[in-house]
Structures are given as structure tokens and as C-alpha cells.
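All figures in this text were calculated on a predicted structure; none of them were measured in a lab. For the numbers below, each heavy atom of this structure counts, side chains included, while hydrogens, waters and symmetry mates do not.
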Amino acid sequence: MLYQRYSNPLELLQQMLVTEQLHDFICNFIRFRNEELNEKTQWEYYLHKIYNMSFDDFVKSCSGDAEPEEADMNEIEATVKNSQSILESFSL
């Protein structure tokens, strides 16, 4: 990954060692790389699967900041009963 971004990553790493910033550099580098991969993945998914909203709205919906929906107790009860009936139908 370093060779993709820097022409001489060994010199960069050596400089980070000398200045005692290697840990911070590695942590930040990994964080930035993960953010880029996440954004690229979201963009690719948006291009191929999402048709009814803008990219900004899609990113906001993926961020997890949305409030959770209220659970309907009837649906929960039906799901639990369905799961129990599936488990009871298994036999060894």
C-alpha cells in the first residue's frame, strides 16, 4: 500500500522512526485507506443498485445516524413463533 502512494516508502518509514511518529503514521494511514475503500465501495454500490436517491442521501442513510424504527410487538411475537416452529421441525 505504501508503494502505491509514495515513491520511496522506506525512507518515509525511517523518518517516522527517527521522529518517533511511526505509530501515529501507521494508524492514520490505515484509517485514511479504510475511509477511501469505504467511499469507493459505497460509490460502486450506489452506481449499480440505488436509483431513487442522490449519492449524498445514500451516504447519510449508510452512516447509521438514522433513528431506529419502533419494533412492533406483534411482528416480534410472530417472528419468534416462526423461529420456534422451525427449530421444532429439526430432528437428528
Sequence neighbours excluded, every pair satisfying side chain to side chain donor-acceptor pair (under 3.5 Å) that has a member inside residues 23-37: R5-E36, N28-R31
Approximate separation, where rounding is to 0.5 Å, of Q21 CD and C27 SG: 12.5 Å
For S89, all residues meeting side-chain contact (heavy atoms from CB on, under 4.5 Å), sequence neighbours excluded: none
Listed partners of N8 passing side-chain contact (heavy atoms from CB on, under 4.5 Å), at least two apart: L10, E11
M16: hydrophobic cluster co-members (side-chain, 4.5 Å): M1, L2, Y6, L12, L13, L17, L22, F25, I26, F29, I30
Donor-acceptor side-chain pairing of S54 and D57 below 3.5 angstrom: yes
For residues 78-86, run the donor-acceptor check on the side chains, cut-off 3.5 Å, and write out each pair with its distance to 0.1 Å, sequence neighbours left out.
from : atom 1 : to  : atom 2 : distance (Å)
T79  : OG1    : E75 : O      : 2.8
K81  : NZ     : E77 : OE2    : 3.1
S83  : OG     : T79 : O      : 2.9
S85  : OG     : N82 : O      : 2.7

Counterpart residues, ring-ring contact (aromatic ring centres under 6.0 Å, His included), relative to F55 (two or more places apart): W43, Y46
Single-linkage hydrophobic cluster, 4.5 Å side-chain cutoff, L47 and M53 together: yes
